[in-house]
There are 2 protein chains.
Amino acid sequence: MGKQMTEMLKGTLEGIVLAFLTGNPAYGYEITTWLRSQGFTEIAEGTVYALLVRIEKNGLVDVEKRPSEKGPPRKVYSLNADGEKYLEEFWTTWGFLAERLENLRTEGK
Amino acid sequence: MGKQMTEMLKGTLEGIVLAFLTGNPAYGYEITTWLRSQGFTEIAEGTVYALLVRIEKNGLVDVEKRPSEKGPPRKVYSLNADGEKYLEEFWTTWGFLAERLENLRTEGK
DNA sequence: AGCCACTACTCAGCGCTACTATGTACCGGT
DNA sequence: ACCGGTACATAGTAGCGCTGAGTAGTGGCT
């Protein structure tokens, strides 16, 4: 993956996943597949699982184990109240940053 | 500083500084002051100087030492050809990310 | 003279996140 | 028996921004 993208994903990947989870419970493998379909073709599986462990530990998601038709049981993650609040803050932070950068890109300075 | 902002700045702060430097040579203290005026009130001085050392080492900027009216001599940084190229790639990367996030925010998924 | 504020740069050590690389495990088709 | 697809896990690494401290020069105030 490009080094720039790797660095830029820090902080944003978490928001992306939480946003995807909004009203849409999903499991790790599914999230990875979705990310790839969105153009994040080089995001490693391990990265996603590590992120899921983290947001679970931080209490942003609820987890439910479900048997799979194929392969090992799935861990289905869904956004809880704390996660929604955290996601709101994420959008605020990102909104500020995006606005500043958009200004820089268009105006020059 | 908010933890989310800290993480999100990784990768983007560099681009912000490089963008500021476009056609506008500046020194560390000046850049710090400008960042604060842009709303990045909590970015530490040390962070900026470390970033400047890094982009200099990576050959993205040229440096010129100039005496100051007040205080120690200034190190004035200006974007060079490699820096401009790097900045272009930054905008491409950021553009992709911003588009994906904007979709997520508005559409839902 | 002594003190303080502002200007200006430096550096060691830390925390966090994404990546790399590898391993485990279940199932179906051939 | 083997392979490919599904599904999860984890130890170790690299990179970036932050913390906290230090060094130095200038000018103003008392």
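Values below: all heavy atoms of this structure, side chains included; hydrogens, waters and symmetry mates excluded. Proteins come first, then strands; the chains are lettered A, B, ... in the order of their sequence lines, and each starts at number 1.
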Asks: Taking only the side-chain heavy atoms of A:Tyr29 (C-beta and beyond), determine which of D:dG15, D:dA7, C:dA8 contains the nearest atom.
Replies: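 Nearest to the side-chain atoms of A:Tyr29, counting from C-beta on, is D:dA7.
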
Asks: Below 4.0 angstrom from OP1 or OP2 of C:dT17, is there any side-chain N or O of B:Lys3?
Replies: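 True: B:Lys3 side-chain N/O within range (under 4.0 Å) of C:dT17 OP1/OP2.
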
Asks: Should the ring pair B:Trp34 and B:Phe20 be called parallel, tilted or perpendicular, given that the plane angle runs from 0 to 90° and is split at 30 and 60?
Replies: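 If you compare the ring of B:Trp34 with that of B:Phe20, the planes turn out parallel.
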
Asks: May I ask you to check whether A:Glu64 and A:Tyr77 show a side-chain donor-acceptor distance below 3.5 Å?
Replies: no

Asks: Does B:Glu102 pair with B:Arg100 as a salt bridge, N-O distance under 4.0 Å?
Replies: no

Asks: Among residues 65-88 of chain A, which ones have heavy-atom contacts with DNA chain D below 4.0 Å?
Replies: A:Ser68, A:Lys70, A:Gly71, A:Pro72, A:Pro73, A:Arg74, A:Lys75

Asks: Write down the distance between CH2 (A:Trp34) and C1' (D:dT6), rounded to a whole number of angstrom.
Replies: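 Value for this atom pair: 20 Å.
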
Asks: Write down the distance between CG (B:Leu51) and P (C:dT10), rounded to a whole number of angstrom.
Replies: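 About 13 Å, once rounded to whole Å.
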
Asks: With heavy atoms under 4.0 Å as the rule, sort B:Leu13 into base, sugar-phosphate or nothing.
Replies: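 Since only primed, P, OP1 and OP2 atoms lie under 4.0 Å of B:Leu13, the category is sugar-phosphate.
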
Asks: In whole Å, I'd like the distance from the CZ atom of B:Phe40 to the P atom of D:dG17.
Replies: 12 Å

Asks: Of A:Arg54 and B:Val53, whose nearest nucleotide on DNA chain C comes first from the 5' end?
Replies: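 It is B:Val53 whose nearest nucleotide is closer to the 5' end.
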
Asks: Do A:Phe96 and B:Leu9 belong together in a cluster built from hydrophobic side chains that touch within less than 4.5 Å?
Replies: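 Yes, because A:Phe96 and B:Leu9 connect within a single hydrophobic cluster, where side-chain heavy atoms sit under 4.5 Å apart.
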
Asks: State whether B:Tyr27 places a side-chain N or O below 4.0 Å from either non-bridging phosphate oxygen (OP1 or OP2) of C:dA8.
Replies: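 Answer is yes, contact under 4.0 Å.
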
Asks: For B:Thr32 and B:Glu45, does a side-chain donor sit closer than 3.5 Å to a side-chain acceptor?
Replies: no

Asks: Closer than 4.0 Å, any side-chain N/O of B:Thr6 to the OP1 or OP2 of D:dG17?
Replies: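 No, B:Thr6 has no side-chain N/O under 4.0 Å of OP1/OP2 on D:dG17.
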
Asks: Regarding A:Glu42 and A:Arg36, does a basic nitrogen lie under 4.0 Å from an acidic carboxylate oxygen?
Replies: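 Looking at A:Glu42 and A:Arg36, the cut-off is not met.
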
Asks: Would you classify A:Gly46 as touching base, sugar-phosphate or nothing, given that sugar-phosphate means primed atoms plus P, OP1 and OP2, and contacts are heavy atoms under 4.0 Å?
Replies: base

Asks: Which whole-number value in Å describes the distance from A:Glu14 CD to C:dC19 P?
Replies: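 Atom CD in A:Glu14 sits about 13 Å away from atom P in C:dC19.
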
Asks: Considering only heavy atoms from C-beta outward, does the side chain of B:Val48 approach that of B:Tyr29 to under 4.5 Å?
Replies: no

Asks: A:Glu7 has an atom CD; how far is it from atom P of D:dT13, in whole Å?
Replies: 18 Å

Asks: In whole Å, I'd like the distance from the CD atom of B:Gln4 to the C1' atom of D:dG17.
Replies: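 So the two atoms are 16 Å apart, to the nearest Å.
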
Asks: Could you state the atom-to-atom distance from CG of B:Leu52 to P of C:dA8 in whole Å?
Replies: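 The answer, rounded to whole Å, is 14 Å.
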
Asks: Checking contacts here: which listed nucleotide (D:dT10, C:dT10, D:dG17) is nearest the side-chain heavy atoms of B:Tyr49?
Replies: C:dT10

Asks: In whole angstroms, how far is the P atom of C:dA25 from the CD atom of A:Glu45?
Replies: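 Answer to the nearest Å: 17 Å.
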
Asks: Hey, is the side chain of A:Lys10 pairing donor to acceptor with the base of D:dG15 inside 3.5 Å?
Replies: yes

